[in-house]
Every structure is written in structure tokens, then in C-alpha cells.
Amino acid sequence: MDYNFQDIEKKWRAFWAENKTFRAEDNSTKPKFYVLDMFPYPSGAGLHVGHPLGYIASDIYARYKRLQGFNVLHPMGYDSFGLPAEQYAIQTGQHPAVTTKTNIEGGVDNQGNKIAGYRNQLDIMGFSFDWDREVRTSSPDYYKWTQWIFKQLYNSYYDTTADKAQSIDVLIAEFSTNGNTKVNATNDCDITFSAEEWKAFSEKRKEEILQMYRLTFLADSWVNWCPALGTVLANDEVVNGVSERGGHPVEQKLMRQWSMRIKAYAERLLTGLDTIDWTDSIKDQQRNWIGKSVGCSVRFEVAFDSASVAFDSAQSTNEMKVSERSRRAEIEVFTTRPDTIYGVSFMVLAPEHPLVDEITTAEFAAGVAEYKKQASLKSERDRQADVKNITGQNTGAFAIHPFTGEKVQIWIGDYVLASYGTGAVMAVPCGDQRDWEFATHFGIEIINIFEGKDISEGAYTEKDAVIANSDFLNGLPAPKAIKLAIYEIEKRGIGKGKTQYRLRDAVFSRQRYWGEPFPVYYKDETPYLVDDKHLPITLPEVDKYLPTEDGEPPLARAEKSAWNHFEGDRMEYNTMPGWAGSSWYFLRYMDPKNDNEFVAKEKVDYWQNVDLYIGGSEHATGHLLYARFWTKFLYDLGYVPFDEPFKKLINQGMILGRSSFVYMVYITYTVEVDSEVKEVVDDKIFFFSRNPYLEENSEDFQKLIERREQVRKNINFEGYQSLPITHLPMRVDISLVDNDVLNLDLFKKTYKYKELTKNKEVEFILEEDGTYICGHEVEKMSKSKYNVQTPDELVEKFGADTLRMYEMFLGPLEQAKPWDTKGINGVHNFLRKFWRLFNIDESGNAQLSNDAPSKEALKTLHKTIKKVGDDLDRFSFNTGVSNFMICANELTDQKCNNKQILEELVVLLSPYAPHVCEELWVKLGNEAGTLSYAKFPEFNEAHLVEANIAYPVSFNGKMRFKIELPTALTPKEVEAEVLAFDQTQKYLEGNTPKKVIVVPGKIVNVVM
RNA sequence: GCGGAUGUGGUGAAAUUGGUAGACACGCUAGACUUAGGAUCUAGUGCCGCGAGGUGUGUGGGUUCGAGUCCCUCCAUCCGCACCA
């Protein structure tokens, strides 16, 4: 009986669903194992073959762990809030909840297109998900708890002494007893107050101050504003100055926004990386994003001497105030190289630095104003792109060097960023290349403080120099000098040792409809939290999904009655960003239906963190960082017993599309109609298999030349016309192409080229065998490129087991690879071959031998058990498939139909090809549905031991022949046998061997 | 510029600890068979050479009895970050 995969797969999928075969138990004595995929955003386009790659790998691993006796949690859900559904809603008026439901469950969209549905597409792959645990971030049952976590963050601050988050009540109590002078907390508060002052503050003022401490807070901050999307974006959602989604320009705007004080966790996010098993590349990306630098702050006093200051004559009241303050100002800088402080010959402030106007002298006021204007006009992107162009402007002011007491010039320059450190630097041209270039460009003094280093061609930036010319630092190597300099700076009270992070607090509000509403209302424009008993605050209905006319977010359109809970003057109009729901979803799977807690303590205590997480590397600085942050926070509050969410992370490589091209080739000429010159396309159009210019001497190319002469005659042109030949590559849908051969009939019938060629003669330039070969290019798989391969078609044609194994066989999981179906037959044939081993007769019974298995069959089996097991342990799924093929080939050669051997193999193969294995498992006489919990075969080395071994013998490292010797021989005996062997003399060529190296069981090398 | 990764036949790739380079599969060549099936079976297939043999893992060097694997140099491609003081 043939391998009828369609019936088999259908049958077992139904069986698994009906019997809930893959349900994970919360109360189990078995050890747990948590295998998680990054959940998908359910888009209308559906899944292509790239999406399931990671899911297949994780499913194989989950099934493997079940066979090893683990209680496996392997859930799936949907990250279902997001932009595409909202934009579709704006265009069509359809509620995003409806679109989202259709995209998940299948159906017809409101333009009549059939949607397969994510769930159906996932189901046909035979994944062993426990669907009873499904979560959707856009479901109120789920986002109730996203809102609840937000509230916990709001009610917490970061205590830097205890190095953990604490209740904000602790802080309020401290304010009431001691004010804020003794508080050690991560904050943005730049004022100090006493207990009495605190008590005297109004409620509104108190809340304003608390906002500067809370872990999520409302503040006016410079944000990435994307006008096209009408919303702000987090730093990780902005790539090269444009939005990650859609590629729209992004500008800086000062707005009142919710933020997450992720900065508080910078150090723990950094050190935590050392405890988890992720790739170096992702860890480095996170380290880079956090951007820790160790150094110290130093304050330079501004030298206000009467002669040089601008505002003696200035009228501004603001400046008058400064003048009244007895004109004292300090510039604080951050440096990682305090050892080079004697090399400071000037200072540079960011153009936006608040002190700039205050210190600029009259002489330079116009220049500074002009420079500031230029800088503000440049976008962030332009400023970054324009690195080579050195620009700057002297302010005319001076600072006093804190050690030498000398005056150094103060400049402004846009290479200093307002957003990093203090927005000011002490410039050390001998030790920093940018400072060196700046000094050289503007002719500022360069002081060399490195012993014996030449700085005439550039700065010396290594930290291995000895410091000179620097008073108390003289003669010290840089690392020691750094320590001493910090000590001295602190002693003199002009700064202190400090660690700086590049990590910014994360903007947490979006001016969108399709996201979680905040559990927040306003009274007198002061935010208050909604009480837990009113959660979730559900999304209110609105008339349109667009911002209001005054630029308020879409939720501002909601009537008061549209809110399920309304309090105060108004509710919060912003919604949460996409990463809110995905920052904790892995916890909800443990307890998805709990209505009283986000996850019950005993469940999270049992399941712990994710043992294996598989997903794309594009989330390196977004989701993966935020999820770690929230986990650490929930750990601090005692809700979860671990502070890293994902123990091991594997990033599957992207599957790229292979686009096919046809090349339209035609001649153009110009004609004058009513004194207007028009370009005309010739009446004949050629379709070439490839660029004809690549083969200019070919026969086919001659056809073009002839045609051109024809055209030349036809149009009867006067004067010179070059008659250019246009070569236009056009994508064709890959469904019309099989191994680069174009289905010409179908192409002619269906393709859009008709419009372009109507009323024209068309000639296809064919290969010698009459086929038309398409060109191809590897690029991202996308609908617009006509190169999408859906899993559905392949499952239909070859079966899910074949597709699962083929995607694994393609290459290492982590590697990016172009999609190509050329090899799929090989994998399909393997499964047929495997099926044939069972000798299944027409009535569907397996004809197997019950005898004791042969020695060689046992050897094949145990070799395979060992290799496949090892491959699974190191996530080498591609070699696993190879090993199954080798095994099937060997058993076929051995004509093995031994029941005992085949039964173990069925278990071994079942993680990769679950459907066919279930079928065979039952044919072997086992109970339906028990395969998933069978025992993974045990490897027995005894079956691999052979009496003889074929030693490869090499001479000076070159392998010459093999010699069959008993395994038990000692190296000495092997050496003797080899030297006595006939062929040895031939390869010795009369030399006496100097040495013979015998690696037992491996190789013999004769050194001459 | 900095960081990470990769480089092996016509193609996808394998070689886990330094020990027979190219397993497995696709493709291709030749043949067999037939219930004409995206079958099956046999033989071959890195390159050069009729052959003996030579040569071969991006380049050049080194360590070693032995290097795809370790070290150094350079080249190419991909990814991430990028005036971060």
C-alpha cells in the first residue's frame, strides 16, 4: 500500500485536536520544559514558508522533550494589537477587532478576498501546541493584566541602594519624614526639598514630583514623532531616521508622553546577559544599545570677566537675572578619560545646551545664533550622515581649567549631542580623534600629554600610553592615572566617578486606536490610576480611527458613554505601544484563564522561565529588552521567581524569496507631435530569457539589430536618432515558474503583460529545447514581489511531514537561506522509502518479522539513535534529517523489516514527521495517541563495537590506503602490522619511517 | 570606524574534541525496469589527467606527525551600531 499522506495527516490532526493530546499539565510530578515561539502578528497576508521555520524547529524540540519524559509547555498565541489592522480600519472603516478575528480564524475580508486564517495555516503543519492556552494581546481578558502591570510600574520607584523596585508608598513616607535629600533612587528630579516643604506642596505639585520617580511616568520629553503615522515611536522603532514600519520620516518633538524608566534597570539588563544562553550577536546588540561607559563627571567654571560678556549691554530680563545671580555658571562634562584632563585645550557644548546663550559674548552672538539655527534645521539623520564635515562656532566665552587655572575657549559644535551625557565635552585633541580634527580645523592649541607619542597626524586613542606634562599624573600609565584623577577630582569636590548609559527611557504611549487603553484618568490634568475593580478599561467605540481635528489621539473621539468606565475630567487618550502585550505574554500561557491574577504564584513557580525561545533576531533591542525589563521588575515585586525570562534563545534565519523575472526588450524612438517630442515604443516587443547585452554576438541579439534597421526605415527619420534598446526586467509570479522554466501558455493567458503589449507583436526568445528560462534574484519574500510560497500549497502536494523535514533539511536553523523547492522530492522520497520498510499490504497491515534483529540492523539503529539524539541536543535539525536518510538507505539495503528495529525508529522519527509515525505506530500494534508520550530510544554503545576496524594509513599526512585490523590491537601492534603490510613499502619509496603515529580507532600516520 | 557572523563541488550543505574533506540531498551522465509514478533499481559524478598520479575548503603565511578546524595577514559578503565624550 502506498504512502497516502493526505488521508494520514488529516486523520491524525483530527485525532490530536479531539483528544487534546498535547495538553500540558499544571500539576505534574514530571520535570517541566518550556518551549516558546515568538508569537506572530496575524496579518491579512497569511503565513508564507518562512514563518513556520522556527515553529517547526521548536515543535520538533518540544516533541523530543516529551519523549524524554518532560512535562512540556508549548503554547501559541497572537500579538494582535498593531498598525496594519488599524490602517486597514482607517481605509475601510472595518473595526480592527473584526479584521483581526478574520485573520486568525479565517473567512472573507470585506473586499471579498478569502483569508485562510493563521490558526488553520498553523494547524495543517501538525504542531503540538496546547491550544487551550492560546492568548491574544487584543483580548480584554488579556490586556486587563497588561493594564494591571502598568499600574504596578506606576506605583513603584527604583531604589538604587536596595538595587530593586520598591513601592512608591515607601518613597512618599520618606519624603514626609526627610524630604528627598537622602533618597537614593533613579529619577529625573532636579530640585531638593525638605519634609516640611513636601507637606506644604499641593496635591498637583506632589504628583508632579512623584512622576519624576515612578517607573512609568508622564513627562514632557523629546520624542520621535512620525507625522505620516501620526504617532510617536520608541527608539528601537526608528531605523536610520525613518520609521521601522513604512519608512516614513521621523522628527524630534517635545511632547507630553508616558515613558518607562528602563534606565533604572540598565546595569541589571547588562549583567543579566552573562547568565543566559543567547548568541553573542544579540547580546552584543543589547550591550551596545545599553551603552555603558565608566568615567567621571567634572565641572568647569565659566570665566565671566566683564570685558568679554555680551549681556552687559543686553536688554533681556532673562539675562538680567543671570547677571543678578552674580554671574556664576558651571559646565558639567562627562569623560571616560579623566587622565587626559591636562590635555584639555577647549570645551564644546551641544548647540542646544542651555548655557549657550548665557555665556556667549557680544562679539560672537550673531555667529552663535546663526549656527544654532543651522543645527536646528538639520534633521537628526542629516546630522548623523554629515560626519566628515567639521562644523563649530566659538562662543567667545572661556572656562577655567580646574587644575591649571588657565582659561580655555568654549565652542559649540553639533558633534556633541545634547541627548548624551551632559551635552558638553572637555576636548582633549591629543587623545580623541574628533577633538583632534576640530582643533586642527579651527586652529586651536593641541597639548600633547602622552610620553613619546606622535600626534601630528592624529590623536593617540589607545589607553596604553604613559601620561606626561600633567603634574601629579606624570609617569603613570593611563589606567592608573584614570583612578588617581578621579580620586583627585572627588577630593577637590569638582566632580565624581560616574557611570553613564546610552539607554534612553522608553516612550510608552502611542496616538493610536488599536492598542491597550491606559488605566488612567485625569483631574485637573493630573493623572490618576483607575481602581483595579474597574479593569479592564476596554477600547471604546469611535466614529473614525483617525486623530481628532485638534490633533488628539483617536480615543478622544469616544463619547463619555462609550467608555466602560469613566472617571475624572477625562480618560487617557493614548494607547500602549505594541511591545506592551508582548513583554509578558510568556507568563500568561502558564495560567491563561485566571481572572484574579495575571498568573497564579504556584503556576509560575512550577513552570519557571522559558527553557527554549525561538524567534527572529529583529527583536534584539525591542521586545527582547523590554521583556527582560518587565520580568526583572515583576521579580523585584515578588510576583515571579526568576529575573530573566528566556534562558536559551535561538534566532532562526530568514527564508528569502526567489523572485523570477522575464525581460521585455524593445526599441524606442521619438516623434514630434504638435511641436512636442514624444517617446514611442516600437510595435514589436521581445521577451528575452536574460539580458541580451550579455551576449551581444548571439543570434538572438542579431534579431534586435535587424529590427532596429527595420524601425529606422519605417519611421523614415531625418538626422540622428540613436534608437535605444530598452531592457526591462519584470517580475513574474513564481506559481508560473517551475525550476526557472516559465509556463508559457499560462503566462500568455494570465499575465498582466497584455496591457503593456496590446496591439503589438510579441516574440519570445526561447532556449534550444523550446523552453523559456526566467532570470532570478534572491530577496525578501513579499506579496509585492510575486515570490511568496505558502505552506498550504506544499502541504497539499507533499504533505506536512515532508514540508517539516524539508524546511529543516534546507540548512542550519540560524542561517538565512533562499527558498527553493528543488530538493523537496528528496525528502518526500525518504518518507516513501521509510514507509516501504513496513511492507504494508493492500489491506493496510504491516508484514514484519518478529525475530531477533540482526547485528547490522542493530548497529544501524543505534548509530542513528546516537546521532539523531546528539543533533537534537545541539539544535542541528538539518543533519538529523540526513541521518534518518542514511538509516533508511542502510535498512533498505539490509532488507530489514524487523519489528523491534522499526518500532524504535518510529519513535525516533516522530518529532520530525509526527503524522506518518502515528500511523505506523498504530500499525505496529500500539494504542492510538500514545506515541507522543512514548520513551525516546536508548542508545547502547555495545551494538556499535566491531571486531575489526579499517585503519586509514597516511604517509606524511596523505591518506594512501586502508588496512583492516582487529580493534583490540595496541598501538605498537598496529604499527607493526602497518609496517609489515605490502603496500607500505611502495609508499615509503625506500625511506625508513622516522616515526609512526597511531591514534587508536582513528588513523595511522607514517612520518618519513 | 567599531562589533558580530560567514566564506567548502554545478546547487543546498556535512565534517560536534586538530585525525579518511565533500556525508546526505538536489542536479547531471549512462543503463535497467515498469502497475507511467512528481516512481523504483544499478553505476558514475570536486577539479586537472587516457593513466599512474597531481591538486583542492576566499588570499598569503605560521604552528603540528597531521589543519576546513588553532594563530597571524589580507580580501569579499551579510547583519548590527555609529560623532556616545
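Numbers restart at 1 for each chain; the letters A, B, ... are given by sequence-line order, proteins then strands.
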Next on the checklist: Would you measure the distance from the C1' atom in U17(B) across to the matching atom in G66(B) and give it in whole Å?
Outcome noted: 15 Å

Checklist entry - What is the nucleic acid contact for Lys994(A), judged by heavy atoms within less than 4.0 Å: base, sugar-phosphate only, or nothing? => result nothing

Checklist entry - Looking across every strand, which nucleic acid part, if any, lies under 4.0 Å from Pro818(A) by heavy atom: base, sugar-phosphate, or nothing? => result nothing

Next on the checklist: Taking only side-chain N and O atoms of Gln815(A), does any of them lie within less than 4.0 angstrom of OP1 or OP2 on A13(B)?
Outcome noted: yes

Checklist entry - Which label fits G49(B), syn or anti, where anti is any glycosidic angle not within 90° of 0? => result anti

Checklist entry - Can you check the Leu503(A) CG to C84(B) C1' distance for me, whole Å? => result 13 Å

Item to check | Sugar-phosphate, base or nothing in reach of Arg832(A), heavy atoms under 4.0 Å | outcome: sugar-phosphate

Checklist entry - When only distance counts, do a donor and an acceptor, one from the side chain of Lys962(A) and one from the base of U20(B), lie under 3.5 Å apart? => result yes

Checklist entry - Should we count NZ of Lys867(A) as having more than 12 external heavy atoms under 6.0 Å? => result no

Next on the checklist: Assuming nearest nucleotide by heavy-atom distance, tell me which of Val1006(A) and Pro812(A) is located more 5' along RNA chain B.
Outcome noted: Pro812(A)

Checklist entry - So what does Lys833(A) touch, heavy atoms closer than 4.0 Å: a base, only the sugar-phosphate, or nothing? => result sugar-phosphate

Checklist entry - Base, sugar-phosphate alone, or nothing: which one does Arg960(A) contact when heavy atoms must sit under 4.0 Å apart? => result sugar-phosphate

Next on the checklist: Applying a 4.0 Å non-hydrogen cut-off, can you work out what Asp435(A) is touching in the nucleic acid: base, sugar-phosphate, or nothing?
Outcome noted: nothing

Next on the checklist: I want to verify a distance call: between A25(B), G19(B), G80(B), whose nearest atom is closest to the Lys1002(A) side chain?
Outcome noted: G19(B)

Checklist outcome for this item: Regarding the side chain of Arg836(A), the nearest nucleotide among C65(B), U40(B), C83(B) is U40(B)

Next on the checklist: Could you tell me how far apart His828(A) (NE2) and A39(B) (P) are, to the nearest whole angstrom?
Outcome noted: 9 Å

Next on the checklist: Can you check the distance between G46(B) and G1(B), where both ends of the measurement are the P atom (answer in whole Å)?
Outcome noted: 41 Å

Checklist entry - Charged N to carboxylate O under 4.0 angstrom, Glu946(A) versus Lys859(A)? => result yes

Checklist entry - When the distance from CD of Glu842(A) to P of U35(B) is rounded to whole Å, what number comes out? => result 16 Å

Item to check | C71(B) and U63(B), which share atom name P, separated by this distance in whole Å | outcome: 16 Å

Checklist entry - Between Lys283(A) and Asp280(A), does at least one N-O distance fall below 4.0 Å, as a salt bridge requires? => result no

Checklist entry - Going through the distances and angles, do Phe884(A) and Phe834(A) end up as a ring-ring contact (aromatic ring centres under 6.0 Å, His included)? => result CA-CA 9 Å; Phe884(A) 281 118; Phe834(A) 187 72; 7.7 Å; no

Checklist entry - Taking for each residue the nucleotide of RNA chain B bearing the nearest heavy atom, is the 5' side occupied by Asn829(A) or by Lys822(A)? => result Lys822(A)

Item to check | Tyr415(A) side chain, from C-beta outward: closest of C83(B), A39(B), G80(B) | outcome: C83(B)

Next on the checklist: Measuring to OP1 and OP2 of A15(B), would you say a side-chain N or O of Arg874(A) lies under 4.0 angstrom away?
Outcome noted: yes

Next on the checklist: As a test of reading the structure: which of U16(B), C83(B), G4(B) is closest to the side chain of Asp414(A), going by heavy atoms?
Outcome noted: C83(B)

Checklist outcome for this item: Between CG of Asn956(A) and C1' of A67(B) the distance, given in whole Å, is 15 Å

Next on the checklist: Considering every strand and a 4.0 Å limit on heavy-atom distances, what is the contact class for Asn889(A): base, sugar-phosphate, or nothing?
Outcome noted: sugar-phosphate

Item to check | Ion pair check, Glu941(A) and Lys866(A), cut-off under 4.0 Å | outcome: no

Checklist entry - Is there a donor in the side chain of Thr821(A) and an acceptor in the side chain of Gln789(A), or the other way round, less than 3.5 Å apart? => result no

Item to check | Integer angstrom distance from the P of C78(B) to that of U8(B) | outcome: 15 Å

Next on the checklist: Measuring only the C1' atom in each nucleotide, how far is C72(B) from U20(B)? A whole number of Å is fine.
Outcome noted: 29 Å

Checklist entry - Expressed in whole Å, how much space separates the P atoms belonging to C41(B) and C26(B)? => result 11 Å

Next on the checklist: Strictly below 4.0 Å: does Ser293(A) bring a side-chain N or O up to OP1 or OP2 of A85(B)?
Outcome noted: yes

Next on the checklist: Under 4.0 Å, heavy atoms only, any strand: does Ser882(A) hit a base, just the sugar-phosphate, or nothing?
Outcome noted: base

Item to check | Listed nucleotide nearest any side-chain atom of Asp280(A), set A5(B), C81(B), G53(B) | outcome: A5(B)

Next on the checklist: By nearest atom, which of the nucleotides A25(B), G3(B), A85(B) is closest to the Phe809(A) side chain?
Outcome noted: A25(B)

Checklist entry - What does Gln500(A) touch in the nucleic acid at a heavy-atom separation under 4.0 angstrom: a base, only the sugar-phosphate, or nothing? => result nothing

Checklist entry - Reckon Asn878(A) touches a base, only the sugar-phosphate, or nothing at all at heavy-atom distances under 4.0 Å? => result sugar-phosphate

Checklist entry - Any side-chain donor-acceptor pair under 3.5 Å between Thr422(A) and Glu332(A)? => result no

Checklist entry - Just checking Ile886(A): base, sugar-phosphate only, or nothing, at a heavy-atom cut-off of under 4.0 Å? => result sugar-phosphate

Checklist outcome for this item: When rounded to the nearest 0.5 Å, the distance separating OG of Ser660(A) from CD1 of Ile734(A) is 7.0 Å

Next on the checklist: Under 4.0 Å, heavy atoms only, any strand: does Asn1005(A) hit a base, just the sugar-phosphate, or nothing?
Outcome noted: base

Checklist entry - What is the nucleic acid contact for Val425(A), judged by heavy atoms within less than 4.0 Å: base, sugar-phosphate only, or nothing? => result base

Checklist entry - Is there a donor N/O on one and an acceptor N/O on the other, under 3.5 Å, for the side chain of Lys283(A) and the base of G4(B)? => result no

Next on the checklist: In whole Å, measure the gap between the C1' atoms of G31(B) and A21(B) for me.
Outcome noted: 30 Å

Checklist entry - If you check the Ile997(A) side chain, which of U55(B), G19(B), G4(B) turns out closest? => result G19(B)

Next on the checklist: If I pick the P atom on U45(B) and the same atom on G22(B), what distance separates them, to the nearest angstrom?
Outcome noted: 12 Å

